[in-house]
Amino acid sequence: MRSDNSKIKEIFKTLNFNESEIKIIENVFHKVVVKKGDILLRPGDVVDSHYYILEGCLRTFHIDSQGKEYTVQFGIKDWWISDYTAFFTGEKAIMTVEALADSTIYRINRSDKEALYDQIPRIDRFFRIKLERAFAAFQKRILAGISQTASDRYIHFMKTYPQVEKYLKNYHIASYLGITTESLSRIRKELSEQ
């Protein structure tokens with residue numbers, strides 16, 4: 001990363017750093033530019049990094065043994081993305097991370113992140129809060145998946161993530177909602193007629 005702490009300020013909006021801390025952080029965050037369609041992670045990969053999205057759109061998805069695709073997460077500006085099951089457990093990746101648009105991301109590996117926690121302890125708290133919020137969001141998504149209608153899930157998705165849709169194909173949204181593209185078309189038609 002070039003010595004431009006504006007990116008550090010963007011990643012860690014709520015924190016302030018002195019010059020020596022900025023240098024430490026710059027040394028462990030690595031800029032990666034990906035093109036639409038690029039794959040960052042594949043099933044079976046060792047996952048030692050996660051990614052901050054500066055611009056663009058990525059998604060994490062899983063393909064089951066019958067070839068059905070399930071989108072687990074979309075990531076846009078100011079979000080983090082990876083195969084977190086593999087990242088936290090040390091197991092091999094079970095997900096694919098794909099760029100849905102040309103994107104600029106910053107990669108940090110697990111050991112560098114752990115070192116940052118020791119060198120700049122408030123970064124530990126920053127990531128803990130991010131993780132808590134992500135866990136709560138995933139739990140809400142699971143509950144919605146088992147208790148809401150497909151139409152309600154779609155409405156909630158559109159209200160919650162209106163800026164994401166421009167990057168997505170219909171099958172991306174359908175696989176995120178756990179429905180077919182035909183069901184998505186039917187839901188959109190029904191909603192437009194109301």
Side-chain angles (χ1 to χ4, degrees), residues 7 10-14 29 31-43 47 49-64 68-87 93-108 126-127 129-192 194:
K7 301 305 180 239
E10 179 128 9
I11 294 169
F12 297 102
K13 288 176 180 54
T14 59
F29 274 88
K31 183 178 180 178
V32 181
V33 176
V34 293
K35 297 288 184 198
K36 180 179 180 177
D38 285 355
I39 303 294
L40 276 91
L41 292 173
R42 297 179 190 283
V47 181
S49 299
H50 69 140
Y51 306 89
Y52 172 82
I53 304 167
L54 182 66
E55 58 186 34
C57 182
L58 293 95
R59 76 175 177 131
T60 304
F61 66 95
H62 173 73
I63 300 175
D64 70 15
K68 186 171 180 183
E69 196 172 285
Y70 300 90
T71 298
V72 176
Q73 179 189 6
F74 295 111
I76 56 170
K77 181 179 178 58
D78 199 33
W79 291 19
W80 295 83
I81 198 163
S82 190
D83 177 333
Y84 286 109
T85 300
F87 182 74
I94 57 172
M95 309 265 196
T96 301
V97 177
E98 169 191 33
L100 297 178
D102 293 351
S103 303
T104 302
I105 58 180
Y106 284 90
R107 177 181 58 81
I108 184 168
F126 173 88
F127 278 113
I129 290 167
K130 290 277 187 195
L131 186 62
E132 289 170 354
R133 290 179 181 159
F135 184 81
F138 275 125
Q139 193 170 55
K140 285 180 182 176
R141 180 160 174 235
I142 290 167
L143 289 171
I146 59 178
S147 65
Q148 291 181 342
T149 65
S151 182
D152 288 340
R153 289 194 310 271
Y154 174 71
I155 292 167
H156 178 76
F157 174 79
M158 295 308 296
K159 285 181 181 173
T160 307
Y161 308 109
Q163 68 280 28
V164 175
E165 187 178 21
K166 66 184 173 185
Y167 298 110
L168 308 179
K169 297 185 185 310
N170 285 342
Y171 78 88
H172 293 142
I173 297 170
S175 75
Y176 182 83
L177 297 174
I179 60 177
T180 64
T181 53
E182 294 80 14
S183 294
L184 178 60
S185 295
R186 180 185 47 76
I187 290 167
R188 284 177 167 159
K189 183 174 188 266
E190 289 170 358
L191 291 173
S192 71
Q194 291 181 357

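For the residue pair R59 / T71, a side-chain donor-acceptor distance below 3.5 Å is found, with atom types taken as modelled.
Note that the NE2 atom of H172 and the CG atom of N170 stand 10.0 Å from one another [nearest 0.5 Å]. The distance from atom OH of Y154 to atom CD of E190, rounded to the nearest 0.5 Å, is 12.0 Å. Taken to the nearest 0.5 Å, the CG atom of L191 stands 10.0 Å off from the CE atom of M158. A distance of 12.0 Å separates OG of S192 from CD1 of I187, quoted to the nearest 0.5 Å. Note: T60 OG1 to L58 CG = 7.5 Å, rounded to the nearest 0.5 Å. Atom CG of L54 and atom CH2 of W79 lie 15.5 Å apart (nearest 0.5 Å).
Ring-plane geometry between H50 and F127 is classed as tilted, the angle between the planes lying from 30 to 60 degrees on a 0 to 90 degree scale. Note: F157 and Y176 have tilted aromatic rings, judged against thresholds of 30 and 60 degrees for the angle between ring planes.
Side-chain atoms of D83 do not come within 3.5 Å of backbone N or O of A93 as any donor-acceptor pair. Listed for the R42 side chain is no donor-acceptor partner under 3.5 Å among the backbone atoms of M95. In this structure a side-chain-to-backbone donor-acceptor pair under 3.5 Å is present from T160 to H156. Put simply, the side chain of D38 never gets that close to the backbone of A99: no donor and acceptor are under 3.5 Å apart. The closest donor-acceptor contact from the side chain of S82 to the backbone of F87 lies at 3.5 Å or more, if one exists at all.
Remark: K35 NZ is loosely packed, at most 12 non-hydrogen atoms of other residues, nucleotides or ligands lying under 6.0 Å away. Residue F135 places its CZ atom among 12 or fewer non-hydrogen atoms of other residues, nucleotides or ligands, all under 6.0 Å distant.
The pair E55-K7 fails the salt-bridge criterion, with no side-chain N (NZ, NE, NH1 or NH2) lying under 4.0 Å from an Asp/Glu carboxylate O. Under a 4.0 Å N-O distance rule, the pair R186/E182 does not qualify as a salt bridge. Looking at K77 and E10, a side-chain N of the basic residue comes within less than 4.0 Å of a carboxylate O on the acidic one, giving a salt bridge.
The minimum heavy-atom distance linking I173 with F74 is given by the pair N-CZ, 4.4 Å. The nearest pair of heavy atoms linking G75 to I81 is N-CD1, 4.1 Å. Minimum interatomic distance between I76 and C57 (heavy atoms only, all atoms of both residues): CG2-SG, 3.9 Å. Closest heavy-atom contact between R153 and Q148: NH1-O, 2.9 Å. For V34 against V32, the heavy-atom pair with the smallest separation is CG1-CG1, 3.9 Å. A pairwise comparison of heavy atoms in F29 and I11 identifies CD2-CD1, 4.0 Å as the closest pair.
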Inset, instruction - Show the numbers, then the answer: is there a side chain to side chain contact (heavy atoms under 4.5 Å, CB included) between E98 and L40? - result: CA-CA 6 Å; E98 169 191 33; L40 276 91; over 6 Å; no
Inset, instruction - Decide ring pair (Phe, Tyr, Trp, His ring centres under 6.0 Å) for Y106 and W80; before the verdict, give the C-alpha distance in whole Å, the side-chain angles of both, and the deciding distance to 0.1 Å. - result: CA-CA 9 Å; Y106 284 90; W80 295 83; 9.7 Å; no
Inset, instruction - Check step by step if ring pair (Phe, Tyr, Trp, His ring centres under 6.0 Å) holds for F61 and Y70. - result: CA-CA 5 Å; F61 66 95; Y70 300 90; over 10 Å; no
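With contacts defined as side-chain heavy-atom distances shorter than 4.5 Å, the pair H62/T96 does not qualify. No side-chain heavy atom of I53 sits under 4.5 Å from any side-chain heavy atom of D78. Between R107 and Y52 the shortest side-chain heavy-atom distance does not fall below 4.5 Å. Two residues are said to be in side-chain contact when any heavy atoms from C-beta on lie closer than 4.5 Å; Y51 and I108 fail this criterion. Taking the side chain as every heavy atom from C-beta outward, P43 and I94 never approach each other to under 4.5 Å.
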